[in-house]
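To start, the structure itself, in structure tokens.
Reminder, nothing fancy here: chain letters follow the sequence lines and each chain counts from 1. The figures that follow rest on heavy atoms only: side chains count, while hydrogens, waters and symmetry mates do not.
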Amino acid sequence: MERHLSADAATADERAAVDAILSRPPSPWVGGERSPHALHAARRDESAVPPRDLLLPALRALQAEAGGVSRGAISYLAARMDLPPSDIYGVAAFYALLDVDAPPEAGASVKVHLCDDVVCQLAGAESLIAKLRDRYGAEGEPAGGVSWHRSPCLGQCDRGPAVLVQRAGTYAADIAIASATAEDVARAIADPTPAPTPPATVPQAGDASLVVLRRIGRVDPADLDSYRHAGGYESLRRALALGPESVIQWVTDSGLQGRGGAAFPTGVKWRAVASQAARTHYVVANADESEPGTFKDRVVMEEDPFAVVEALTIAGYATGAEQGFIYVRGEYPLAAARLRHAIARARQRGFLGSNVMGRGLSFDIDVRQGAGAYICGEETALFNSLEGRRGEPRNKPPFPTVHGLFGKPTAVNNIETLLNVLAILAVGPERFRAVGAEDAKGTRLFSLSGAVMRPGLYEAPFGTRLGAVIDMAGGLRPGRTLQAVLLGGAAGSFVGPEALDTPLAPAALRPIGATLGSGVVVVFDDTANLRHTVLRIARFFRDESCGQCVPCRVGTVRQEELVARLAAGTPRGSAADEIRLFHDIAQAMRDASICGLGQTAASAVDSAIRLGILGREGGPA
Amino acid sequence: MAPPLQVKQLPERIVHATIDGQRVAVPEGTTILAACRSQAAEVPTLCFLETLAPVNVCRACVVEVEGSRALVPACSRPLETDMVVSTRSKRVDKSRRMVLEFLASSVDMSLAGPDVERWMEEYGVDPDRYGPKAAAGADLDARAGRHGPTVGAERATAAQPVKVDNDLYVRDYSRCILCYKCVEACGDQAQHTFALAVAGRGFDAHIATEFEVPLPESACVYCGNCVGVCPTGALMFKSEYDLRQANQWDESRQTVTDTICPYCGVGCTLELHVQDNAIVKVTSPMDHEVTSGHLCIKGRFGFEFVQQRPPAAEPR
Amino acid sequence: MFGAGGGTSSYEEIENTDLIILWGSNARESHPIFFHHVLKGIRSGARLMVVDPRRSTSAQFAHLWLGLDVGTDIALANAVGREIIAAGLVNHEFVQKATEHFDAYRESVEPFTLAVGEELTGVPQDAIQQLAHEYARAPRAQLCWTLGITEHHNAVDNVFALINLALLTGHVGRYGSGLNPVRGQNNVQGGGDMGALPNKFPGFQNVADAAVRARFEARWGRALPPKPGWHLSQMFEAMERGDLTALYVIGENPAQSEADAHRTEKLLTGLGHLVVQDMFMTRTAELADVVLPSTASWCEAEGTVTSSERRVQRVRQALEPPLGTKGDLEILSLLAARLGFPWGMPTAEEVWDECRSLSPMHSGMSYGRLEALKGIQWPCPDESHPGSQFLHGRLWDDPVGGPKAGFHPVQHEPPVDQLSDDYPIRLTTGRRLDSFNTGVQSGRFSSPLRRPETLNLCPEDMAALGVGEGEAVAIRSRRGRIEAPVHSDTTLRPGLAFMTFHFPDQVNTNLLTVDAWDPQSGTSEFKATAIAVERLASAESSEPHAIKVGV
């Protein structure tokens, strides 16, 4: 294909960063050097063209190398990958952690992303922002190679305020800090060897009666033997003995439903993929956990990475896939590192590769990191992102089980869902389904944060009352009263104190207009400014809409403007007029958006209006 | 070696379904949109074009399908056996109104054509419900999610200066509804030049050259096929733009004549739009199998030579 | 060989084939919308091979590019044919049933082993072999060519060499398989259709055929000479001899478009009487005794043109022509009246209907049907006929309908203008996307792509010459010397240079080119000139004298 490339040249470092990802040797035909052997004939060697799914890893490598993605670097990538520069630019400009505006000499730049989302707001994000503004100047303005930026939820809600430091150049690193002080940030900017991240907050750690979190605190996340001593790889052994068909039957019989938010029966999904005649099949672990308030999968990946690897291997075995991908959100550097380490160890010891556990099974896993886009948690957007495209969701049908990653039948599962499979194989479907509610079997992880004594990750059976879950975290701080709870994150709903007795299970939540979603429980006491929280949620959706379809692209903006008016007590016409307008906006987003983001973008605002947080006649108190 | 290939046609499967209470039978694979059009049920479309693969992003064509939680884009979804489709349910009408209203509230739809104007009327579009328009800004930023906090007093729009960076066509992205047609036509649906892509995200998503460079620095080859598919006048031939700026563009004074391109031997049909005995733009019919509506720079823009002749010399 | 001259397939078939070979064609730039059909074919799974000395923009879309040396097309085609035979890939059933002279062909290509092919063309043996095998094995294949085949002194032989390959493999006469010259100008095909050939009446009917002549004589009421006329190159020779002293040029600019421009201008100036009918005061018009200002036939007049897929389409008047001009038809009619043949002032449709009454292949193409069917592909013998999507289907009938198709053995002959120590660089010519021929039409719009004429050289040659981008150099051929800036071009290789004809007023490339012409078609060898490139003395350099680079 003819390619118009800019005259800007990539630096040697940029080229090296790209070459490290695109390891295949360049042919003279595609992006290689002009060769005397190709002056009288040239073949288009498709196998010499790096697969497009290496684009995002290459862009991430450029960001780490140069602190931005330059025009010269894109030219080089375009030549190497036989892609149009405009296309690569469009992809790079989609992701918040890739910078296409960086000055050419960005070199050793540092970007500090500060979470100012729902939970970190409760944890003092604004005061940290004020300090950074004093030290580093206005938002987004590089000073001394450092710039800071407000960020959506970084998934550290158990210990906010959270910061992600993106360091480029020689000491390139992504460093997550929580809870962060201005001094922590300064140290992360300057010190080439960052301080180790403190362990995640899992107050139940060590409790072997738990289903999903049972190994947390009992195994060394870097040590395969430690994992095996805790019963690791017994589930895979059981699966291999049962055969794929029986594994799917067990998972079906267990009643396991997806834990990412949609609650689709896992066994049904696996069977649909396994029964597709078309090869190749893929399994994908969706670890793009970005729902504000959610941090459960991060904790599991950081503390029990071998379990993720084992569970995905079982999924691959059951569905007939030989390749699995774990798509980890870009803001989780530690999780990605620990997973990569676990995969390398597992491969070394024959738990991955061409002969898994000596049983002739071929299966391997690749970890891919996102680059800052909530939408990529939507499964079809995740496929596009993994394939090196903009994270725009695809229309469904066709569903992923038929037409998924690379157009092939694909089973996508949330990390928590996969972990439950280990338990099902360990104890059998009957014992698994003995726990939980009538309509939801097993236990659920709750990312509990906000105005409670001990924020952290908790596991409790489905059907546990909301109040009981909050009590697990020590209840509210002394002297405070409950104002509201945000259930399910930004895509979820606010519920009031009257919901404390509601069991946390789908059927019980439906009458109060709530869902569990990804298991977010954010608690707001009487000191919280909920109007501000609702506005932050509206802004979140405006920022994170991919922009593809009209209802979501414009609807999220109109919603934000409307919420801003209501929050400020300056409605156009009466508050009732605004609420009527809101319902029109909400209905269009729900009915006509392509994907779940647009379809749920009005949910939290809707609940806030229902609860009277917004839109009471007469404006805010 | 085989004599002439006999392509064995599999017998066409027929799908039976219901559209607006009428039973319909169409060949398998027919989209809901095509089936509706065969029933003379009007379904508005903005991002759909017969010559391009559907991207189903505008959502103006949504219909209600019984049993489906969300509405369904008619342009891309095939009709299935026993589907029950409503093209004018309350939900459908509400969504269509909102899609048109969202667009009208954020971009300049004044050149989107008579159909769009009629639909806006029919579905009761009122963009002013969202407050007064914010003042025109600078170019949209490339970066995802970059915009200031809002107090909601004004409605954000895509308003921005017109990009005039060459003599052949201009880009007025304050009219862009992001239908992706230009990207598709520049890309693998026709021209394979890939000068354009979608960059940014959310409300800041926009059509861009690489790094937003002016067209002369981009891969653009000025075939004008993006202009040919643009439904809202966001992409406009400079000849038309200049006349509009001078208040002289007048379609009532224009004729459109089909002829054949004077350049190479491919035989592309040109539609010459003529006003006051001057060619003011050149298009090609979408339904002509030679061009599918597409041209090259010479056919599209190379007409000036007939208009730049000095008065004929007297024969010697 | 096949009778009427025209592409055998339609564009639609380019989209529905398994292999597309572009031979001597940079369609991506010269025929962009034809290339859209090629791209659709590739998207549907077809493979693309490009045979071109340059690794052109078309070649950059190809699965295989064969960068032969200029003027070695027959050697390459014969090597391909020999390999098809040697590998046992001949479509014997077709060859036996539908062709003749196969044995002579086999003998003629016998010396062209792959090794000889590589030696003569520069193309590696494995690439020649790959093209041969893929072409022979493809269920359907399209062989398309342009001026890279026809602007040679042995143009017709070049075409025969390609036709032989199609006969060998049966890639003609079936849906999806064919032979397609893609025409360089919008009505080259139509000119041929209408008998603007020295030996043909409209509809490719032979002037020498008494029965045909009789029909035309009956219609026109005049005896018609049976002797073919001259083609263009013969006309210039006749001028040189003094046999041709008056010339009437309609819509052509030979002073700038013909090879060896010095000689052309001398001959035109030496004419006793030169009449030029054109819409522009071209360089040729400046030399004329009489200039007849005419209109733009494609938008100021009515008529038809024929495209490369034999599709006759209507051109229509969209503009009122400028004052003082007249349409070509009106001028001819007025002239006829002055010359004593007052045939009145027929409309374009009346002229067309007369043509339909005399040319059977056009008979069914009424203006009404041309309008309704968006053009019709000939032959279209009557008004119930839909037109012909592809030609020569008869070759697949059993038994073959009509005469068999004959192989035409042809031998490789290098370009006339040979390389030597004094002229070591091969200059070839072509078009750029936004320009056309001498720029009379394309030069008038403001193209952002346009840049002035340059001598394109590969970076290696530029380094050897010690010239930088944009530096002016002297270019000499055996006929003339010009100066032009140098442009670095990685589609070239050492010893191969490229220029266009688009800017004759800036750089008159045709002062260099050779007027060696093909005796059968009259086309000049624009594609192969031997040149020397020298730095200008004024160029910033300590080098005292010119540097030559060789192959």
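With a threshold of 4.5 angstrom between heavy atoms, Val183(B) does not approach chain A through any atom at all. For a residue to count as touching a neighbouring chain, one of its non-hydrogen atoms must lie under 4.5 Å from one of that chain's; by this rule Arg96(B) does not touch chain A. Only the side chain of Glu392(A) comes within contact range of chain B, with heavy atoms under 4.5 Å apart. Using a 4.5 Å cut-off between heavy atoms, Ala92(A) does not touch chain B at all. Ala156(B) touches chain A through backbone and side chain together, each having a heavy atom under 4.5 Å away. With a 4.5 Å cut-off on non-hydrogen atoms, Asp591(A) touches chain B through its backbone and its side chain both. With a 4.5 angstrom heavy-atom cutoff, Ile594(A) touches chain B via backbone and side-chain atoms both. In this structure, the portion of Arg390(A) lying under 4.5 Å from any heavy atom of chain B is its side chain and not its backbone.
Considering only residues two or more places apart in sequence or on other chains, Lys396(A) meets the salt bridge (Lys or Arg N to Asp or Glu O under 4.0 Å) condition with Glu378(A), Glu379(A). Applying the salt bridge (Lys or Arg N to Asp or Glu O under 4.0 Å) criterion to Arg88(B), with sequence neighbours excluded, gives Asp93(B), Glu122(B).
Taking every heavy atom of both residues into account, Pro551(A) and Cys58(B) meet most closely at CD-O, 4.3 Å. The minimum heavy-atom distance linking Ser105(B) with Val554(A) is given by the pair OG-CG1, 4.1 Å. Of all non-hydrogen atoms in Ala197(B) and Ser86(A), the two that sit nearest each other are CB-O, 3.2 Å. Listed here is the closest heavy atom pair of Pro132(B) and Arg572(A): CD-NH1, 3.9 Å. For Ala588(A) against Phe102(B), the heavy-atom pair with the smallest separation is CB-CE1, 4.3 Å. Taking every heavy atom of both residues into account, Ala205(B) and Cys546(A) meet most closely at CB-O, 4.3 Å.
For a heavy-atom cut-off of 4.5 Å, chain A lies close to Val62(B), Arg69(B), Ala70(B), Leu71(B), Pro73(B) in residues 60-73 of chain B. Against chain A, the residues from residues 219-227 of chain B that qualify, each with a non-hydrogen atom under 4.5 angstrom away, are Ala219(B) in number order.
Ser593(A) and Arg59(B) are not linked by any side-chain donor-acceptor pair at a separation below 3.5 angstrom, with hydrogens and angles left out of the test. Inspection of the Tyr180(B) and Gln548(A) side chains reveals no N or O donor paired with an N or O acceptor under 3.5 Å.
For the set Pro152(A), Ala373(A), Ala564(A), the count of heavy-atom pairs under 4.5 angstrom toward chain B peaks at Ala564(A). Counting heavy-atom pairs closer than 4.5 Å to chain B, the top residue among Glu139(A), Arg565(A), Arg150(A) is Arg565(A). Note on Gln587(A), Arg590(A), Glu578(A): by heavy-atom pairs under 4.5 Å with chain B, the leading option is Gln587(A). Chosen from Leu5(A), Leu83(A), Leu581(A), Val69(A), the residue pairing most often with chain B at heavy-atom distances under 4.5 Å is Leu581(A). Your options are Leu46(B), Asn56(B), Val99(B), Thr209(B), and the one with the most heavy-atom pairs under 4.5 Å with chain A is Asn56(B).
Residues His4(A) and Phe194(B) have side chains not in contact (no heavy-atom distance under 4.5 Å, counting atoms from C-beta outward). The shortest distance between side-chain heavy atoms of Met589(A) and Met98(B) does not fall below 4.5 Å. Annotation: side chain of Ser76(B) is in contact with side chain of Asn395(A) (closest heavy-atom distance under 4.5 Å). Within the 4.5 Å cutoff, side-chain heavy atoms of Leu103(B) are placed close to those of Val550(A). At a threshold of 4.5 Å between non-hydrogen side-chain atoms, the residues Val100(A) and Phe211(B) count as touching. Taking 4.5 Å as the limit, some side-chain heavy atom of Arg201(B) sits within range of a side-chain heavy atom of Glu544(A). By the 4.5 Å heavy-atom criterion applied to side chains, Tyr130(B) and Ile585(A) are counted as neighbours. Using a 4.5 Å cut-off on side-chain heavy atoms (C-beta onward), Leu178(B) and Arg553(A) make contact.
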Trace of the side chain to side chain contact (heavy atoms under 4.5 Å, CB included) decision for Ser106(B) with Arg558(A): CA-CA 10 Å; Ser106(B) 52; Arg558(A) 298 295 173 244; 3.5 Å; yes

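Ionic pairing of Asp584(A) and Lys94(B) is present here: one or more N-O contacts between side-chain nitrogen and carboxylate oxygen are shorter than 4.0 angstrom. Classification of Glu210(B) and Arg71(A) as a salt-bridged pair holds, one side-chain N sitting under 4.0 Å from a carboxylate O.
Side-chain atoms of Glu561(A) never come within 3.5 Å of backbone atoms of Ala153(B) as a donor-acceptor pair (strictly under, hydrogens ignored).
A distance of 3.5 Å separates OH of Tyr89(A) from CD of Glu212(B), quoted to the nearest 0.5 Å. Separation of atoms CG (Asp87(A)) and CG (Leu196(B)) is listed at 11.5 Å; rounding is to 0.5 Å.
By the 6.0 Å contact criterion, NE2 on His583(A) is enclosed, its count of non-hydrogen atoms from other residues, nucleotides or ligands being greater than 12.
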